[in-house]
Amino acid sequence: MDTIASLFAFITTPVSWVIVQFHSMYGAIFGPDTGWAWGLSIVSLVVLIRICLIPLFVKQIKSTRNMAALQPKMKAIQERYKSDKQRQSEEMMKLYKETGTNPLSSCLPILAQSPFFFALYHVLSKIASGEEIGVLNQSLVDSARQAHIFGAPIAAKFMDSPEKVEALNASLTDVRIVTAVMIVLMSASQFFTQRQLMTKNVDLSVKTPYMQQQKMLMYIFPVIFAVMGINFPVGVLIYWLTTNVWTMGQQMYVINQNPTPGSKAQDAYLQRLLKNVTHHSEVRGRRRKNIVKLIVAKGGDRNEQERRFVTGLAKAGFAPQADGTVVKSDTITAEAEGGAVTKRQQPKRQSKSQRQSGGAVGGQHKSDEAPSEPTSLEKKPQESVEESKPNRPSRANSGNTSRQGKSGQRKGQQRPKHPSSKK
């Protein structure tokens, strides 16, 4: 670790200068040799660095979201060109370029913090050795060596020997208790930050190996921090615990205000937006109007959470507009509540046999309901048919009829045979 820290020695002077400036401010309040003055100086260093890294954090959030959304397309490319690795890489780069996604953007905040982290580690190591570094002269180094946080010097480590801890005017028990508590808090904050991202701000409709990798990292990162933490000075633990808490709060704000489409966070945000719109009868704020505008522009491509939001607006009597506003509409309210009054009920589709027997059944119902004498138009065809029938069947017909009855064939008049058929 000392070798790595020495590689970032070029930035130790700026880091030490920032710590000295904050120490002079807090030293006037709490005293120059107190742990509060030096501890808050390190916390303020973290806050200053993280404020400068906010643009990179925004890029990280967008990159992580885009990477999660691109996983199905990436998987399709891998399966399509699994035998051609070069073509696969070309298609991947083309996909990244079309969507404006940089796979390395998710690592930018960590990479950007690394120089400051190792520079601080280098400064605290020199303080533990009683050596000057950067703008920290001997008097400031001696003051930092006397600074204790809950009984543990800011330059002490969990793995330090009892002799080294006694040289810093502290006990090994106090150092190990304080460092152990900080390591646990540091690992827990890292776990909660990753868990918050996976459970609330992930598109639930996307099931890819990328999501499984993120779940694994949720458990691996805290273990890595716990193992590395036993070799960190108390000041570095303060630094890393502060940056984890900052990341957790910053991510919580982003999730609540700009959630990933299709996630639980988006559903919660749209429900809050729905209550706000129904309470004020309008969409307040430019950012909220942009959200409504995007939902309207999607049309039929809305996800489940967005469709639920639009339906909720309709039930409340509001129609979202293309400019992000809403208008009051009683018609939309009626349609959202069921639409049974305005929509005509379609008759049930009948089968072929039901349609063929419909006339007879209908006639039977009509005769049952209102029996009446047949009209002259109804009598005339019936009478003509009866008059056209002969009173007595002919001898030939009677013979045919008796023979058909004996052979078990159907009785009645048969269809005449075709002249070309054989007898």
Side-chain angles (χ1 to χ4, degrees), residues 1-49 113-186 225 228-243:
M1 184 66 71
D2 292 334
T3 304
I4 298 176
S6 62
L7 295 176
F8 297 94
F10 67 94
I11 204 172
T12 54
T13 300
V15 168
S16 61
W17 183 84
V18 172
I19 292 177
V20 168
Q21 301 307 312
F22 281 119
H23 174 260
S24 62
M25 180 179 65
Y26 293 119
I29 301 174
F30 302 102
D33 299 332
T34 60
W36 287 104
W38 287 101
L40 290 176
S41 299
I42 296 173
V43 172
S44 300
L45 172 68
V46 176
V47 173
L48 179 63
I49 293 173
Q113 285 185 86
S114 297
F116 300 96
F117 172 78
F118 288 111
L120 178 62
Y121 181 88
H122 192 50
V123 169
L124 293 174
S125 297
K126 293 296 183 181
I127 290 175
S129 303
E131 303 176 13
E132 297 181 2
I133 183 172
V135 298
L136 289 170
N137 53 32
Q138 193 61 46
S139 62
L140 290 174
V141 170
D142 294 338
S143 175
R145 284 172 59 87
Q146 296 177 10
H148 291 64
I149 297 176
F150 301 110
I154 63 172
K157 306 175 187 177
F158 182 88
M159 298 300 293
D160 282 345
S161 61
E163 294 78 11
K164 191 173 182 179
V165 173
E166 290 178 2
L168 295 173
N169 298 323
S171 67
L172 185 61
T173 303
D174 293 339
V175 170
R176 291 191 172 179
I177 291 175
V178 172
T179 53
V181 171
M182 287 188 174
I183 290 170
V184 170
L185 293 177
M186 183 178 65
F225 276 97
M228 296 177 62
I230 60 176
N231 294 313
F232 289 162
V234 174
V236 174
L237 292 177
I238 293 174
Y239 175 94
W240 209 250
L241 177 60
T242 305
T243 193

If I compare all heavy atoms of [X] with all of [Y], which pair ends up nearest, and what's the gap?
| X | Y | value |
| --- | --- | --- |
| His122 | Thr12 | CD2-CG2, 3.7 Å |
| Ser143 | Pro32 | OG-O, 2.9 Å |
| Ser16 | Gly134 | OG-CA, 3.6 Å |
| Ala170 | Gly151 | CB-O, 3.7 Å |
| Pro115 | Ile11 | O-CG2, 3.5 Å |
| Leu172 | Pro162 | CD2-CG, 3.8 Å |

How about [X] and [Y]: do any of their side-chain heavy atoms sit closer than 4.5 Å?
| X | Y | value |
| --- | --- | --- |
| Val15 | Phe116 | yes |
| Leu136 | Val123 | yes |
| Val141 | Lys126 | no |
| Trp17 | Thr13 | no |
| Ile19 | Leu120 | yes |

Can you list everything that forms a side-chain hydrogen bond (donor to acceptor under 3.5 Å, both in side chains) with [X]? Sequence neighbours excluded, please.
| X | answer |
| --- | --- |
| Thr34 | none |
| Asp174 | Ser171 |
| His23 | Trp38 |
| Lys164 | none |

## Note on the structure
With Pro153 as partner, the option from Leu168, Ile127, Val234, Val178 fulfilling side-chain contact (heavy atoms from CB on, under 4.5 Å) is Leu168
### Query
Pick one: which of Leu124, Ile42, Ile154 meets side-chain contact (heavy atoms from CB on, under 4.5 Å) with Val236?
Leu124
### Message
One pair to check against side-chain contact (heavy atoms from CB on, under 4.5 Å): Val20 and Leu140. What are the steps and the verdict?
### Response
CA-CA 8 Å; Val20 168; Leu140 290 174; 3.9 Å; yes
### Task
Just jot down the salt bridge (charged side-chain N to carboxylate O under 4.0 Å, His left out) partners of Glu132, sequence neighbours excluded, or say none.
none
### With sequence neighbours excluded, residues passing side chain to side chain contact (heavy atoms under 4.5 Å, CB included) with Val46
Arg50, Tyr239, Thr242, Thr243
### Message
Could you check whether any side-chain N or O of Thr179 sits under 3.5 Å from a backbone N or O of Lys157, counting only pairs where one atom can act as donor and the other as acceptor?
### Response
no
### Task
Return yes if some donor-acceptor pair links the side-chain N/O of Gln21 with the main-chain N/O of Ser41 below 3.5 Å, else return no.
no
Going from [atom1] on [X] to [atom2] on [Y], what distance comes out if it is rounded to the nearest 0.5 angstrom?
| X | Y | atom1 | atom2 | result |
| --- | --- | --- | --- | --- |
| Met25 | Leu40 | CE | CG | 8.5 Å |
| Phe158 | Leu237 | CZ | CG | 11.0 Å |
| Ile230 | Asp160 | CD1 | CG | 11.5 Å |
| Ile183 | Phe232 | CD1 | CZ | 9.0 Å |

### Query
Parallel, tilted or perpendicular: which fits the ring planes of Tyr26 and Phe30, with parallel below 30° and perpendicular above 60°?
tilted
### Message
For a side-chain contact (heavy atoms from CB on, under 4.5 Å) check, start with the C-alpha distance between Ile238 and Met182, then their side-chain angles and the critical distance, and finish with the verdict.
### Response
CA-CA 8 Å; Ile238 293 174; Met182 287 188 174; 3.8 Å; yes
### Query
Are Asp142 and Gln146 linked by a side-chain donor-acceptor pair shorter than 3.5 Å?
no
